[in-house]
Amino acid sequence: MKALKSILAFALGLVCTVALAQDSLKEVVASGNKVYVRIVNDQEHPIPADEIEDVTREFAAAGAWERVEEASEADFILNVEAKKKMVFNSPRTWLTPSVVDKDGNVLWKGDTYKADATMFNGYRATNTCIKKVIEKGFQGNLFKKAGR
């Protein structure tokens with residue numbers, strides 16, 4: 001009987017924790033909030049500075065967030081792990097997004113999305129990868145979890 005009560009108390013605590021995390025995620029990624037986009041560039045295979053600007057601009061616009069230049073001004077931080085590498089003579093880009101609140105808690109972590117430069121995308125692997133993150137990571141996952 002004691003074990004059953006312990007299991008039920010643990011399950012109730014877990015449900016409450018998940019519900020609170022979803023509410024805080026919803027509040028944090030609400031449209032109109034301020035976002036600081038932090039690119040965590042791979043040291044060995046970084047993406048170029050002009051492509052970093054594309055990533056930060058597109059991600060802020062996709063969420064209808066106001067982009068700020070300082071993390072201290074933001075309602076949340078959008079971390080983006082980025083990597084670009086030549087694979088079979090074609091550039092390939094990998095992006096992994098995550099949402100971090102002001103306290104440093106990771107509220108959401110997306111999958112890693114990749115794209116290759118091909119003649120069909122104008123040899124722009126990073127732009128194609130950005131579109132995948134927005135369509136699959138944000139609209140397909142993040143916004144649904146946040147109730148947007």
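Treat the numbers as computed from the prediction; the structure is a model and nothing was measured. Counting begins at 1 with the first residue of the sequence.
Neither Ile52 nor Val68 shares a network with the other; the hydrophobic side chains, linked directly or stepwise wherever heavy atoms of I, L, V, M, F, W or Y lie under 4.5 Å apart, form separate groups for each. Under the 4.5 Å side-chain contact rule for hydrophobic residues, Val100 and Val80 do not share a cluster. Residues Phe143 and Val35 share a single hydrophobic cluster, defined by chaining ILVMFWY side chains whose heavy atoms lie under 4.5 Å apart. Neither Ile77 nor Val28 shares a network with the other; the hydrophobic side chains, linked directly or stepwise wherever heavy atoms of I, L, V, M, F, W or Y lie under 4.5 Å apart, form separate groups for each. Using a 4.5 Å cut-off between side-chain heavy atoms of Ile, Leu, Val, Met, Phe, Trp and Tyr, with links allowed through other members, Val133 and Trp108 fall into the same hydrophobic cluster.
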- Item | Residue pair Leu78, Val29: steps toward the side chain to side chain contact (heavy atoms under 4.5 Å, CB included) verdict | CA-CA 10 Å; Leu78 179 63; Val29 299; over 6 Å; no
- Applying side chain to side chain contact (heavy atoms under 4.5 Å, CB included), run through Ile39 and Phe59 and close with a yes or a no. CA-CA 11 Å; Ile39 305 296; Phe59 285 173; over 6 Å; no
- Message: Using side chain to side chain contact (heavy atoms under 4.5 Å, CB included), reason through Asp54 and Asn127 one step at a time and then give a plain yes or no.
- Response: CA-CA 8 Å; Asp54 290 345; Asn127 289 351; 3.6 Å; yes
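Closest approach of Trp94 to Lys114, counting heavy atoms only: CD1-CB, 3.6 Å. Taking both residues in full, the closest heavy atoms of Cys129 and Ala115 are given as N-CB, 3.6 Å, listed atom of the first, atom of the second, then distance. Residue Lys102 comes nearest to Ala74 through the heavy atom pair CE-O, 2.7 Å, listed as atom of the first residue, atom of the second, then distance. In terms of heavy-atom proximity, Ser98 sits nearest to Val106 at CB-CG1, 4.5 Å. What you find for Pro46 and Lys84 is that their closest heavy atoms are O-CB, 4.0 Å.
Salt-bridge check for Asp75 with Lys34: failed, with every basic side-chain N at 4.0 Å or more from each acidic carboxylate O.
Between Trp65 and Phe76, the ring planes are perpendicular. Angles over 60° get that label, and only those under 30° would be called parallel.
Taking CZ of Arg38 as the reference point, atom CG of Asn79 lies at 5.0 Å (rounded to 0.5 Å). Asn141 contributes atom CG, which lies 12.0 Å from atom NZ of Lys136 (distance to the nearest 0.5 angstrom). Here the straight-line distance linking atom OG1 of Thr128 with atom CG of Asp116 works out to 9.0 Å at 0.5 Å rounding. If you take NE2 on His45 and CE on Met86, they are separated by 11.5 Å, rounding to the nearest 0.5 Å.
Using a 4.5 Å cut-off on side-chain heavy atoms (C-beta onward), Gln139 and Ile134 make contact. For the pair Lys109 and Thr96, the minimum side-chain heavy-atom distance is below 4.5 Å. Between Arg67 and Arg57 there is a side-chain heavy-atom pair separated by less than 4.5 Å. Between Ser24 and Asp101 the shortest side-chain heavy-atom distance does not fall below 4.5 Å.
At least one donor-acceptor pair under 3.5 Å links the side chain of Asn33 to the backbone N or O of Glu27. With hydrogens and angles ignored, the 3.5 Å screen pairs a side-chain donor or acceptor of Asn41 with a backbone N or O of Ile47. Side chain of Tyr36 to backbone of Glu69: no donor-acceptor contact under 3.5 angstrom is found. Judged by distance alone, the side chain of Asp103 and the main-chain N or O of Asn105 form no donor-acceptor pair under 3.5 Å.
Under the 3.5 Å distance criterion, with hydrogens and angles disregarded, a donor-acceptor pair is assigned to the side chains of Thr126 and Glu51.
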